[in-house]
Amino acid sequence: GVSVEPVNIDTGIRQLLLVEDNPVIAKVLTKLLHRAGYEVMHAPHGGVGLELCEHHGPFVSIVCDLMTPSVDGVEFVIRLRERGDGTPVV
């Protein structure tokens, strides 16, 4: 049988945004997500995450730490939704 993977229809790439300020956690999650078939863009806090969404989105999903410097995870999601971006956030 043929295995079908969910993909981003526009690019064929499963691009995911990781918002995480801890470099060790970011490295481990990035490695695991790569193994799962995702291309990962990393932002050290929500401010950078918002810029990446604007300039490099859309993402199939966003993995976001709640406690990051500058713009935290809650504020990140509020601003994302105010922009009309409905990307799923974990």
Salt bridge (charged side-chain N to carboxylate O under 4.0 Å, His left out) with E75: which residues, sequence neighbours excluded?
-> R79
Short side-chain to backbone donor-acceptor contact, T30 and L33, under 3.5 Å = no
For V19, does its backbone N or O pair with a side-chain atom of H42 as donor and acceptor, under 3.5 Å?
-> no
Assess whether side-chain contact (heavy atoms from CB on, under 4.5 Å) is satisfied between C53 and F76, documenting all intermediate values.
-> CA-CA 11 Å; C53 286; F76 168 78; 4.2 Å; yes
Looking only at heavy atoms, what is the nearest atom pair of [X] and [Y], with distance?
X: L17; Y: G49; result: CD2-O, 3.7 Å
X: P69; Y: P44; result: CD-O, 4.1 Å
X: C64; Y: G73; result: SG-CA, 3.6 Å
X: S61; Y: V90; result: OG-CG2, 4.3 Å

Look up atom [atom1] in [X] and atom [atom2] in [Y], then write down how far apart they are to the nearest 0.5 Å.
X: F59; Y: E39; atom1: CZ; atom2: CD; value: 9.0 Å
X: E20; Y: L29; atom1: CD; atom2: CG; value: 6.5 Å
X: I62; Y: M41; atom1: CD1; atom2: CE; value: 12.0 Å
X: H34; Y: L16; atom1: NE2; atom2: CG; value: 9.5 Å

Are V74 and L80 connected, step by step, through hydrophobic side chains (Ile, Leu, Val, Met, Phe, Trp, Tyr) whose heavy atoms are closer than 4.5 Å?
->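 Not linked; separate clusters.
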Cluster link V63 to L66, ILVMFWY, side chain under 4.5 Å = no
Quick one: do V48 and H45 satisfy side-chain contact (heavy atoms from CB on, under 4.5 Å)? Show the steps, please.
-> CA-CA 6 Å; V48 174; H45 60 77; 3.6 Å; yes
Out of N22, D72, D21, which one pairs with D65 under the side chain to side chain contact (heavy atoms under 4.5 Å, CB included) rule?
-> D21
Which pairs count as side chain to side chain donor-acceptor pair (under 3.5 Å) when at least one residue sits in residues 81-90, sequence neighbours excluded?
-> D85-T87
